[in-house]
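Note sheet for the following structure.
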Amino acid sequence: MQAYVRGMRLLSQLCGFVAAGLIAAGVLVVCHMVFVRYVLNYNTIWQTDFTTYCLIAATFVGSPYVLMTRGHVNVDILPHYSGPRTRYWLAVGAAITTLVFAVVLAVLTAEFWWQAWSEKWVSDTMWRARLWIPYSSMPIGLTLLTLQGLAELFELVSGRAKPFGVPDAEHLE
Amino acid sequence: MSPTTQGLLVLVVTLAMLLSGVPVAFGLGVISIVFLIFFQGFDALRVVAETFYAGLNDFTLVSIPMFVMMGAAIGSSPAGKDLYEALDRWLYRLPGGLVISNLGACAIFAALTGSSPACCAAIGKMGIPEMRRRGYPDDVATGSICAGGTLGILIPPSITFILYGIATETSIGRLFLAGVMPGLMLTGLFMVWTLFIIWKRGFRAHAPDFRYRWKEKFQSIPKIAPFLAIIVGVMYVLYGGVATPSEAAGVGAALCVLCAVLIYRMWSPTKWWQILRDTTRESIMILTIIAAAVLFGYMLTSLYLTQTLAQSIADMHVNRWVLMALINLFLLVCGFFIPPAAIILMTSPILLPIITAAGFDPVWFGVIVTINMEVGLIHPPVGLNIYIVQAIAPDVPVTRVMWGTIPYVLCMFLAIVILCVFPEIATWLPDTLMGPVKTK
C-alpha cells in the first residue's frame with residue numbers, strides 16, 4: 001500500500017505539472033489572440049475555445065495535485081477546536097465525502113464523454129472542435145482524483161497523516 | 001415536503017457539511033447530487049456532468065488564472081519590498097508618514113495583486129518590523145497591516161468582483177470601476193483612524209535623524225514603475241472597452257511575469273515553477289468551487305428554493321433598508337466562517353433577485369458584498385489575514401492582533417453605512433466612464 005501512496009504522489013505531482021503547463025499555454029494563446037486580433041486586425045477562430053478548454057482541462061487534471069497539497073480550501077474551525085478523536089473522524093468523513101464526489105462525478109462525466117464520442121459532438125463555434133477531446137479531461141482528472149483520495153484516506157487511517165494536518169496537541173477543548 | 005422545509009433542510013445540511021472541514025467544492029458537489037437524487041430521483045443525475053462542465057465553459061473565467069498569475073508573479077518577486085521602500089523614501093518626513101506609507105503600499109499592492117493574503121504578507125514583512133522598530137504599538141502595527149491587506153479584494157483588479165460578476169451576470173469592468181472610490185475611501189478611513197490612535201496614545205511619529213537624498217528617492221521609482229504601468233494599461237484597456245477582461249488579464253499576466261523575470265533577474269526555473277505552482281493551486285481551487293457552486297445553484301433552482309426564498313422575502317414587505325441590514329448581517333456571519341469565493345458564488349444568485357426587487361443597484365451591492373467579505377478576512381474565528389500577520393510577528397500574541405483589527409472592522413462598517421447613504425461613491429465612476437446602466 002505504501003508503494004501505491006508513493007506512486008500516487010508522483011502521479012499527482014505530474015498532474016500538477018500538466019495543469020501548470022495548460023494554464024501557461026492558455027496565457028500564451030491569449031497573448032497570441034490579442035496580437036492577431038488587435039495588431040494584425042484578423043479574425044480569430046480557435047483561440048477562445050482553446051484557452052477555455054485548456055483551463056477546464058487544468059481544473060480537472062490538476063485537481064489531484066491540489067488535493068495532495070491541501071489546496072482545496074475548507075472551513076477548519078470545527079476540526080481545529082475539537083479533540084484528536086473527533087478531529088480524526090471529521091477527517092475520515094471529509095476524505096470519504098471527497099471520494100464519493102470524485103467517484104460519482106467520474107462515472108457521470110465518463111458517460112457524458114462517451115455520448116460526445118459516439119455521437120461525434122462538435123462545438124457550436126467557428127472552430128467546430130470535437131468535444132470528446134476537452135470532455136476527456138473530466139473522467140481522466142476525476143479518476144486520478146479518486147485514486148489520490150484513496151491514497152489520502154489510507155494515509156489517514158494508517159496514522160501516517162495527521163487529520164487536517166493538525167498535530168494532536170494543538171486543540172482547544 | 002414544502003419548499004420552505006426543503007430550503008431549511010438544505011441550509012442545515014450545507015452548513016453542517018461545510019463546517020465539518022470537507023473541502024468546500026466537494027462538499028457543495030455532494031450536497032447537490034444527494035438532494036437532486038432525494039427530491040427528483042436518479043433521473044436528475046443525467047444533467048450533473050453537463051452542468052458541472054457548463055460551469056467552467058465560459059471565456060470570462062479565463063481572467064481568473066490570468067489575474068492570479070499577475071499577483072503570483074508580483075508576489076513572488078521583491079516588488080512589494082521596493083514599493084514599500086519607494087513610498088517610505090518619499091513620505092518619511094510627514095507626521096505619521098510610516099502609517100501612510102504602509103496603508104498606501106497596501107492599497108497599491110492590492111491593485112497589483114488582487115489578493116488580500118499576498119498584499120498582507122508582502123507589505124507586512126517590511127511594514128510591521130519597521131513600525132515596531134520606530135515604536136508604534138504592536139496592535140496598531142499588526143492591525144493596520146491586517147486591514148490594509150483586505151483592500152486587495154476591493155481595489156481592482158479583484159478576483160472577488162470577477163466571481164460576483166460571473167455569478168450575477170454583472171459587468172466586470174463596471175464592478176472594477178465601482179471598487180476604486182470605496183477602496184480609496186476605506187484606505188483613507190484606515191489612515192485617519194491609525195493617525196488618530198497613535199496621536200491619542202501620545203505617540204509622535206518623529207522624522208528620523210537622517211534624510212533621503214533626492215537621488216535615493218528617484219532611484220526607488222524605476223523598479224516599480226513598469227508594474228504600475230501594466231496595471232494602468234490593463235485598467236485602460238478594460239474600461240476603454242478595447243479588450244475583454246480575459247484578454248487584458250492574459251496580456252497583463254504575461255507582461256508581469258516578464259517584468260518580474262527581467263527586473264529581478266528571476267532566471268531560476270525554481271522561481272518560474274513557484275509562480276506557476278501558486279497560480280495553478282489557487283486557480284484550480286477557485287474554478288472547482290465555481291463549477292460546484294453552479295451545480296449547487298442548479299439544484300436550488302430546480303427545487304424552486306431560490307424562487308421560494310425570494311418570494312417569501314418579497315411577501316414580508318419589510319423596509320428596503322431593514323432588508324439590506326439583514327442581508328449585511330447574513331453576509332457578515334457567513335464571512336466569519338466561509339471563504340469569500342464560496343459565499344459569493346453560493347449566495348449572490350439567491351440574493352440578486354431580492355436586492356434588485358428592492359430597488360438596489362447590483363453593482364453597488366457587489367461593493368457592499370466585497371466589504372463584508374473583507375471583514376471576514378480580519379475577524380475571528382477564520383480571519384485569514386490575522387494568521388498571516390501573526391506569522392510575520394510571532395512574538396505578538398494572536399489576541400493582541402485581533403484586538404488591533406477591531407477598530408478597522410468598525411471602519412469597514414462605517415464605510416458600508418457611508419455607501420448606503422451615498423451610493424454614488426461606488427456608482428459615480430462607472431456611470432461617468434461607461435454610461436448609466438441600461439435597464440432591460
Side-chain angles (χ1 to χ4, degrees), chain A residues 16-17 19-24 26-31 33-34 37-38 48-49 51-56 58-60 62-63 65-67 69 71-81 87 90-91 93-95 97-98 100-102 104-105 108-113 134-135 138 163-164, chain B residues 17-27 29-30 33-34 45-46 48-50 52-53 56-59 61-62 64-66 68-69 242-243 246-251 253-255 257 273 276-277 279-292 336-339 341-342 381-382:
Chain A
F17 287 133
L22 285 164
I23 290 178
V27 173
L28 293 176
V29 171
V30 167
C31 292
M33 177 169 73
V34 169
R37 189 180 287 177
Y38 299 102
T48 308
D49 287 354
T51 314
T52 313
Y53 296 153
C54 272
L55 206 68
I56 294 171
T59 305
F60 288 104
S63 207
Y65 171 72
V66 181
L67 180 69
T69 55
H72 284 296
V73 67
N74 63 344
V75 182
D76 57 359
I77 302 164
L78 204 58
H80 188 80
Y81 285 92
R87 188 187 302 147
L90 285 173
T97 309
T98 303
V100 169
F101 169 84
V104 172
L105 222 63
L108 294 173
T109 53
E111 280 175 12
F112 190 48
W113 170 83
Y135 285 4
M138 294 192 284
F164 298 100
Chain B
M17 177 72 95
L18 292 184
L19 292 178
S20 70
V22 174
V24 172
F26 306 148
V30 168
I33 292 169
V34 167
L45 288 182
R46 274 186 296 185
V48 168
E50 196 179 345
F52 203 78
Y53 176 83
L56 295 174
N57 191 18
D58 179 354
F59 187 62
L61 289 177
V62 171
I64 293 176
M66 310 289 160
V68 171
M69 186 180 274
V242 180
S246 302
E247 290 167 344
V251 177
L255 288 176
V257 172
W273 169 241
L276 265 177
R277 183 200 59 199
T279 308
T280 306
R281 284 185 77 222
E282 193 172 339
S283 306
I284 292 176
M285 179 268 287
I286 296 173
L287 291 168
T288 316
I289 295 180
I290 291 176
F336 291 168
F337 303 100
I338 304 170
V382 177

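Residue numbers start from 1 in every chain, and the chains themselves are labelled A, B, ... in the order their sequence lines are given, proteins ahead of strands.
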ask   = Out of curiosity, Tyr53(A) OH to Leu22(A) CG, how far, rounded to the nearest 0.5 Å?
value = 14.5 Å
message = Using the rule given for side-chain contact (heavy atoms from CB on, under 4.5 Å), can you reason through Met66(B) versus Met69(B), listing the C-alpha separation, both sets of side-chain angles and the distance that settles it, and then say yes or no?
response = CA-CA 5 Å; Met66(B) 310 289 160; Met69(B) 186 180 274; 5.7 Å; no
inquiry  = Quick check for you: among Leu67(A), Thr109(A), Val29(A), Thr48(A), which has the greatest number of heavy-atom pairs under 4.5 Å with chain B?
reply    = Thr48(A)
ask   = Hey, is the main chain of Pro79(A) close enough, under 3.5 Å, to the side chain of Arg87(A) for a donor-acceptor pair?
value = yes
key: Top of Asp49(A), Leu55(A), Leu105(A), Val34(A) for chain B proximity - count of heavy-atom pairs under 4.5 angstrom   = Leu55(A)
Atom group of Ser283(B) that falls short of 4.5 Å from chain A, counting heavy atoms = side chain
key: chain B contact via Phe60(A) - side chain, backbone, both or neither, heavy atoms under 4.5 Å   = side chain
request  = Describe, in one word, how the ring planes of Tyr135(A) and Tyr53(B) are oriented to each other, choosing from parallel (under 30°), tilted (30 to 60°) and perpendicular (over 60°).
outcome  = perpendicular
remark   = Of Val66(A), Ile56(A), Thr51(A), Val100(A), the largest count of non-hydrogen pairs under 4.5 angstrom with chain B goes to Ile56(A)
remark   = Applying a strict 4.5 Å limit to non-hydrogen atoms, the region of Val27(A) in contact with chain B is both
query = Does any heavy atom of chain A fall under 4.5 Å from the side chain of Ile289(B), the backbone, both, or neither of them?
reply = side chain
ask   = So which part of Leu19(B) gets closer than 4.5 Å to some heavy atom of chain A, the side chain, the backbone, both or neither?
value = both
Note: Arg37(A)-Glu247(B) ion pair, threshold 4.0 Å (strictly below) = yes
task = Indicate whether any N or O donor in one side chain lies under 3.5 Å from an N or O acceptor in the other, for His72(A) and Thr98(A).
result = no
inquiry  = Show the nearest heavy-atom pair for residues Thr280(B) and Ile23(A), with the distance to one decimal.
reply    = CA-CD1, 3.8 Å
Side chain / backbone / both / neither for Leu28(A) at chain B, heavy atoms under 4.5 Å = neither
query = Heavy-atom distance under 4.5 Å to chain B: side chain of Val73(A), backbone, both or neither?
reply = both
